[in-house]
2 protein chains.
Amino acid sequence: MPRAGLSPAAVVDVALGVVDEQGPDSLTLSAVAARTGVAAPSLYKHVRNIGELRSLVARRVLEEMTDALGEAIMGRSGDEAVAALMQAWRRYAVNHPHRYAAMPPAPLSDPALAEAGGKLMTAALAVLRGCGLEGEAAVHAARCLRAAMHGFVVLEVAGGFGLPEDLDTTYRLLQKTMIDGLRQGA
Amino acid sequence: MPRAGLSPAAVVDVALGVVDEQGPDSLTLSAVAARTGVAAPSLYKHVRNIGELRSLVARRVLEEMTDALGEAIMGRSGDEAVAALMQAWRRYAVNHPHRYAAMPPAPLSDPALAEAGGKLMTAALAVLRGCGLEGEAAVHAARCLRAAMHGFVVLEVAGGFGLPEDLDTTYRLLQKTMIDGLRQGA
DNA sequence: CCAAAAAGCTATTCACATTAGCTTTCTGTG
DNA sequence: CACAGAAAGCTAATGTGAATAGCTTTTTGG
């Protein structure tokens, strides 16, 4: 019988499929193995363990999201860039809810994840510089922005907002609030 | 040999100990059984399954946190109450990081959890009424507030804020931003 | 063409959740 | 007080998933 032709990247591809369809908690080596037509232990030839696979998935997702955000803010500046950033953040999470949930909120001792996160931070700080925020003030502003965006989409994706009121309206209010807040800080 | 004298509540007590010391992911029936001096399967006499145990734990934590927030806002109103609410929210999470992480962001089909969450929502809406917000506007404001608080403490507790800048300062900025935002909406 | 690396596989171990079925301890009622 | 039945516990067993060991097959480079 011919080989499956796997590689770490291919395993991550399949893992992303599992995550998309069944959520991050269902990402198991058996599930990935079943989709690749390979026995579960064979996957250890490509990833060290399930933790590494999760890390690799998280990294891919973070990079993908960073790209999407980068595109969204490209060519914009000031409040408009902040609004675009917030919009793109939420759109990514809503379009890929399981992928978003597959990203840990912190790099947890994974240098590659930390680096990917650093790129996102750099992009955010660039946007804030366009709002007149630099140095320490920009760091505090970026944290607030991230907290607001992350908090909102985590709750939205998990179904944490029970009431029927329109979520787009809520998010618009959050955008306005944050943008006004940034203006204050500048 | 005498009985262990367990009960659903006692099992939850022990489970909270496990959560506090080893985090929500380490909450297993074996861990709880070991602490109670009982064999793991015996726990099924008190809880239906591990999922129910997690729900019961989450409910206890949510109620405990709701109490803490209720105390914090008691006797205050307006911006001061909002500031106290935000302060107490963060304090609870920082003092009990694993318990905070043990709460799912949504009731996920658990009516008891939903009810506990409803009480918290009621308290929040009461605070906002004191800021001149009612009806739909209050719902949108409450969501924004929750998103900001939850997002911040999730990231703080997980170690998601890498840089060395002072987190108290960041949170003060977030408080100010949200309070200004609420004033706008009113 | 062949040696060795790479990629698979089967068998096995361990942890945890869960079920089944048996035994022991309480408890309340005659 | 006795004892029947409920409640609470136990052991044994199953299923799933992670992980390791050691063997076999496929590639590939010289």
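This one's a predicted model, so the numbers in the text were calculated from it and none came from an experiment. In what follows, every chain begins at residue 1, and chains take the letters A, B, ... in the order their sequences are listed.
In this structure, A:Asp25 places its CG atom 15 Å from C1' of D:dT16, rounding to the nearest Å. In this structure, CG of A:Leu29 is placed 18 Å from P of C:dA15, rounded to the nearest angstrom. Per the geometry, CD1 belonging to A:Ile50 stands 17 Å off P belonging to D:dT16, to the nearest Å. The CG atom of A:Asn49 sits 17 Å away from the P atom of D:dG17 (whole-angstrom rounding). Atom NE2 in B:His46 sits about 6 Å away from atom C1' in D:dA8, given to the nearest Å. Atom NZ in B:Lys45 sits about 9 Å away from atom P in D:dG9, given to the nearest Å. Atoms CG (A:Leu43) and P (C:dA6) sit 18 Å apart, rounded to a whole Å. When rounded to the nearest whole Å, the span between CZ of A:Arg48 and P of D:dA18 equals 17 Å.
Looking at A:Asp168 and A:Arg172, no side-chain N of the basic residue comes within less than 4.0 Å of a carboxylate O on the acidic one, giving no salt bridge.
Candidate nucleotides C:dG8, D:dT11, C:dT10 were compared by shortest atom distance to the side chain of B:Ala39, and D:dT11 ranks first. Nearest to the side-chain atoms of B:Val38 among the listed nucleotides C:dT18, D:dG9, C:dA11 stands D:dG9.
Note on A:Ser30: a side-chain N or O is less than 4.0 Å away from OP1 or OP2 of D:dA18. Taking only side-chain nitrogens and oxygens, B:Thr28 never comes nearer than 4.0 Å to OP1 or OP2 of C:dA15.
Within 6.0 Å of atom CZ in B:Arg59, 12 or fewer heavy atoms from other residues, nucleotides or ligands are found, so the atom counts as exposed in its surroundings.
At least one side-chain heavy atom of A:Met121 sits less than 4.5 Å from a side-chain heavy atom of B:Leu163.
The aromatic rings of A:Phe161 and A:Phe152 lie tilted to each other, with the angle between the two planes from 30° to 60°.
Within 4.0 Å of B:Ser42, counting heavy atoms only, lies at least one base atom of the nucleic acid.
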